[in-house]
Amino acid sequence: QIKREKPENIPDLKDLVKEKFTTLESKNSDSDLQRNEKYIYFKDQLKEMRKQFRHQSDNDNEAIEEIDEDIAVTQSQMNFICPITQMEMKRPVRNKVCGHIYEEDAILKFIQTRKQQKKKVRCPKIGCSHADVKGSDLVPDEALKRAIDSQNKQ
């Protein structure tokens, strides 16, 4: 139809599509959806999964608690790892500016090396935007040191 019309007589295609869509949409009803075989199949699958989950969740609660405990222990151990040396810290220091923690000797050596190169020191913690770490920003983290020491005693 459009090919036969003169360019100035061509109707607005967006309006035509919207009109057709509205007409088709008005013919849809909830009862049509309830009878749709894909919809019925989907609902049946959901019911089946719920049944399986109920049976499984009763057995899994204890296992989940154990996993949570393992995660907590692993995370606390990861907090003991220096981002520079990737080893457990013995004398942790906290950066007052960004809050990240490093092994004292490692960060001081890092600062000294960069100073000799006449470059600023970026915080070595991945994702940190602090770009000028100074020795004066560092304070001993006694709480973390005690936590590391008590973990090592166990």
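Just the heavy atoms: all of them, side chains too, but no hydrogens, waters or symmetry mates, feed the values below.
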Query raised in the report: In Å and rounded to the nearest 0.5 Å, what is the CE to CD1 distance from Met89 to Ile81?
Result: 7.5 Å

Requested in this report: First locate atom NZ of Lys120, then atom NZ of Lys134, and finally report the distance between them rounded to the nearest 0.5 Å.
Outcome: 7.0 Å

Query raised in the report: Out of curiosity, Ile148 CD1 to Leu144 CG, how far, rounded to the nearest 0.5 Å?
Result: 4.0 Å

**Report entry** Spacing of Lys96 atom NZ and Leu138 atom CG [to the nearest 0.5 Å]
**Finding:** 8.5 Å

Requested in this report: State whether Asp149 and Lys145 are salt-bridged, where the test is any N-O pair (Lys NZ or Arg NE/NH1/NH2 against Asp/Glu carboxylate O) under 4.0 Å.
Outcome: yes

Query raised in the report: Taking everything shown except Glu37 itself, do over 12 heavy atoms lie less than 6.0 Å from its CD?
Result: no

Report task. Examine the side chains of Gln45 and Tyr41 and answer whether a donor and an acceptor come within less than 3.5 Å of each other. Result -> yes

Query raised in the report: Which residues, ordered by chain and number, are linked to Met49 in its hydrophobic cluster, where ILVMFWY side chains connect at heavy-atom gaps below 4.5 Å, directly or through other members?
Result: none

Output a table of donor-acceptor pairs, distance under 3.5 Å, between side-chain atoms of residues 124-131 and any protein atom two or more places apart or on a different chain; print 'none' if there are none.
from   : atom 1 : to     : atom 2 : distance (Å)
His130 : NE2    : Asp132 : O      : 3.3

Scan the side chains in residues 98-113 for donor-acceptor partners under 3.5 Å anywhere in the protein, sequence neighbours excluded, and list what turns up.
from   : atom 1 : to     : atom 2 : distance (Å)
Tyr102 : OH     : Asn95  : ND2    : 3.2
Glu103 : OE1    : Lys90  : N      : 2.5
Glu103 : OE1    : Arg91  : N      : 3.3
Glu103 : OE2    : Arg91  : N      : 3.2
Glu104 : OE1    : Arg91  : NE     : 3.0
Glu104 : OE1    : Arg91  : NH2    : 3.1
Asp105 : OD1    : Arg91  : NH2    : 2.9
Thr113 : OG1    : Lys109 : O      : 2.8

